[in-house]
There are 2 protein chains.
Amino acid sequence: MQITETKKRLIEKLGVFFEGQGKTPVEARIIGLFLVADQIEITLVDIQQTLSISKSAVNNAINVLLLREEVEYVTKPGDRKKYYKSKIEQWMTHVEQHIEKSVEGKVLLKEALEQRIKTTKTFNTALKDMIDFMDYVQSQHKELFTKWKKLRNKS
Amino acid sequence: MQITETKKRLIEKLGVFFEGQGKTPVEARIIGLFLVADQIEITLVDIQQTLSISKSAVNNAINVLLLREEVEYVTKPGDRKKYYKSKIEQWMTHVEQHIEKSVEGKVLLKEALEQRIKTTKTFNTALKDMIDFMDYVQSQHKELFTKWKKLRNKS
DNA sequence: TTTTTAGTTCTGCAAATACAGAACTAAGTA
DNA sequence: TACTTAGTTCTGTATTTGCAGAACTAAAAA
């Protein structure tokens, strides 16, 4: 498996971005590779060679991505290699989960509000607003996603 | 400055949550302290003592939070202490920025799509969908926030 | 039966992080 | 002028993270 210099550079740029999203360098570059590679299905050795990473690092990263269901693999009769592929269609689900996670602290904030002294009115109102906003975001997102799914299935 | 055991436990729980959001343990606990403390304005020494952290750690964390504009400070005449306070009202802005950041990779994904071989139709369509979805989220979010601001100012 | 191949696991190291403690600065105070 | 106080910066270190390389397992091929 070979890859152009342009694509290699793009993989690095994508890598840096995904690092910023909390992925490790290796994970990030593997995702990048899936995004630019001519093949959908890529073997461990291919990843290892095109990205110049150790086999163990690739294996560990891939297994993390498998757990997170960002990647899956297929097999072929009479071939014991695993052909890894990006679950890119699932990506929207991950965004949903990501947003869910960012408002999951709502419960704790409510607890904080209950525990607060009642005299700090401005602060308490601001905190209350924050919690309400989280509720709002949460409710609106469900709509956002269902709307999108409809919109998507039409075109 | 003193604080109940209940609140201390809550600070730790909030701390763990904010660590999950990418903050360092110290940053996370300082934010937690601001959320439950009876005073709005808290000095460096107060933070240091109630959280049992070193002065340097508090100072560094506070300065990071100042840079990120999650915290600000006020001063008082004839008192050279700095009174730090949470910029909790600004919190919605941070959520906006957070969401913006999560779709800022759109440009790179477009680049990836352009560079891709044209024969992997399913994948390319999925990638295109992903990009479109990011556009959609971005546009809808602006609406989401302005709607909320209206809704908020009414009540 | 040895050899090859795919993948996993283990071991160790190098770099990055996060923090404590001490030294230091600057501006008042006794 | 020495002393205190608030805050900053520096130095060292413990911990964590991320990865390479080697050892290992399992299954098929020679």
Side-chain angles (χ1 to χ4, degrees), chain A residues 1 8 11-12 14-34 39 41-68 70-85, chain B residues 1 8 11-12 14-34 39 41-68 70-85:
Chain A
M1 192 180 140
K8 282 192 182 172
I11 289 176
E12 291 306 316
L14 287 162
V16 171
F17 170 70
F18 287 116
E19 282 182 40
Q21 305 286 326
K23 318 273 181 200
T24 68
V26 170
E27 284 164 22
R29 271 141 199 86
I30 292 177
I31 296 172
L33 176 59
F34 279 120
Q39 300 90 319
E41 302 171 352
I42 312 182
T43 66
L44 197 146
V45 180
D46 277 341
I47 298 174
Q48 190 210 325
Q49 287 173 347
T50 54
L51 295 183
S52 317
I53 322 177
S54 77
K55 200 162 64 149
S56 63
V58 173
N59 187 64
N60 290 328
I62 279 287
N63 284 325
V64 169
L65 294 176
L66 282 170
L67 268 177
R68 288 206 208 108
E70 299 183 38
V71 158
E72 63 185 337
Y73 66 83
V74 293
T75 51
K76 309 193 174 185
D79 183 347
R80 65 203 164 82
K81 279 197 283 297
K82 292 177 180 175
Y83 293 84
Y84 299 101
K85 48 186 295 191
Chain B
M1 192 178 140
K8 281 191 183 175
I11 289 176
E12 291 306 317
L14 287 162
V16 171
F17 170 70
F18 287 117
E19 283 181 38
Q21 304 286 327
K23 317 271 181 200
T24 68
V26 171
E27 283 164 22
R29 272 142 199 86
I30 293 177
I31 296 172
L33 175 59
F34 280 120
Q39 302 90 317
E41 301 171 354
I42 312 181
T43 65
L44 196 146
V45 180
D46 278 340
I47 299 173
Q48 191 210 324
Q49 287 173 349
T50 55
L51 296 182
S52 315
I53 323 177
S54 76
K55 201 163 59 149
S56 62
V58 174
N59 188 63
N60 290 328
I62 278 285
N63 283 326
V64 170
L65 295 175
L66 282 170
L67 267 178
R68 288 207 209 106
E70 299 182 37
V71 159
E72 62 185 336
Y73 66 81
V74 293
T75 51
K76 309 192 173 183
D79 183 348
R80 66 204 163 82
K81 278 198 283 296
K82 291 176 181 177
Y83 292 84
Y84 298 101
K85 48 187 294 192

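Order of the sequence lines sets the chain letters (A, B, ...), proteins ahead of strands, with each chain counted from 1.
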From [atom1] of [X] over to [atom2] of [N], roughly how many Å is that when rounded to an integer?
{"X": "B/E27", "N": "C/dT17", "atom1": "CD", "atom2": "C1'", "answer": "11 Å"}
{"X": "A/K23", "N": "D/dT17", "atom1": "NZ", "atom2": "P", "answer": "17 Å"}
{"X": "B/I30", "N": "C/dA18", "atom1": "CD1", "atom2": "C1'", "answer": "13 Å"}
{"X": "A/N63", "N": "D/dC19", "atom1": "CG", "atom2": "C1'", "answer": "15 Å"}

### Query
For DNA chain D, what residues of residues 71-83 of chain B have any heavy atom nearer than 4.0 Å?
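Only B/R80, B/K81, B/K82 qualify.
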
### Query
Between residues 41-54 of chain A and DNA chain D, which residues have a heavy-atom gap below 4.0 Å?
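A/I53, A/S54 - these, ordered by number, are the residues of the stretch whose heavy atoms sit under 4.0 Å from the strand.
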
Please examine the side chains of [Y] and [X], heavy atoms only from C-beta on, and report whether any two atoms are closer than 4.5 Å.
{"X": "A/L33", "Y": "A/I47", "value": "yes"}
{"X": "B/I11", "Y": "B/L51", "value": "yes"}
{"X": "A/K55", "Y": "A/L44", "value": "yes"}
{"X": "B/N60", "Y": "B/V26", "value": "no"}
{"X": "A/Y84", "Y": "A/D46", "value": "no"}
{"X": "B/L65", "Y": "B/I30", "value": "yes"}

### Query
For B/Q48 and B/V58, which heavy atoms make the closest approach, and how far apart are they?
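Closest approach of B/Q48 to B/V58: CA-CG2, 3.9 Å.
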
### Query
Around A/Y83, counting heavy atoms of other residues, nucleotides and ligands shown, do more than 12 lie under 6.0 Å from its OH?
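Count over threshold, so yes.
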
### Query
Of B/A57 and A/T24, whose nearest nucleotide on DNA chain D comes first from the 5' end?
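Nearest-nucleotide comparison on DNA chain D picks B/A57.
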
### Residues which pass salt bridge (charged side-chain N to carboxylate O under 4.0 Å, His left out) with B/E19, listed by chain and number, not counting sequence neighbours
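B/E19: salt bridge (charged side-chain N to carboxylate O under 4.0 Å, His left out) contacts with B/R29.
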
### Query
By salt bridge (charged side-chain N to carboxylate O under 4.0 Å, His left out), which residues pair with A/R68, not counting sequence neighbours?
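Only A/E27, A/E70 meet the salt bridge (charged side-chain N to carboxylate O under 4.0 Å, His left out) criterion with A/R68.
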
Using atom names, set out every protein N or O paired with an N or O of nucleotides 23-25 of chain D below 3.5 Å, distance rounded to 0.1 Å.
none

Polar atom pairs (N or O), protein with nucleotides 10-16 of chain C, under 3.5 Å:
none

[atom1] of [X] to [atom2] of [Y]: how many Å apart, nearest 0.5 Å?
{"X": "B/K82", "Y": "B/T43", "atom1": "NZ", "atom2": "OG1", "answer": "12.5 Å"}
{"X": "A/E72", "Y": "A/L66", "atom1": "CD", "atom2": "CG", "answer": "9.0 Å"}
{"X": "A/T75", "Y": "A/R80", "atom1": "OG1", "atom2": "CZ", "answer": "13.0 Å"}

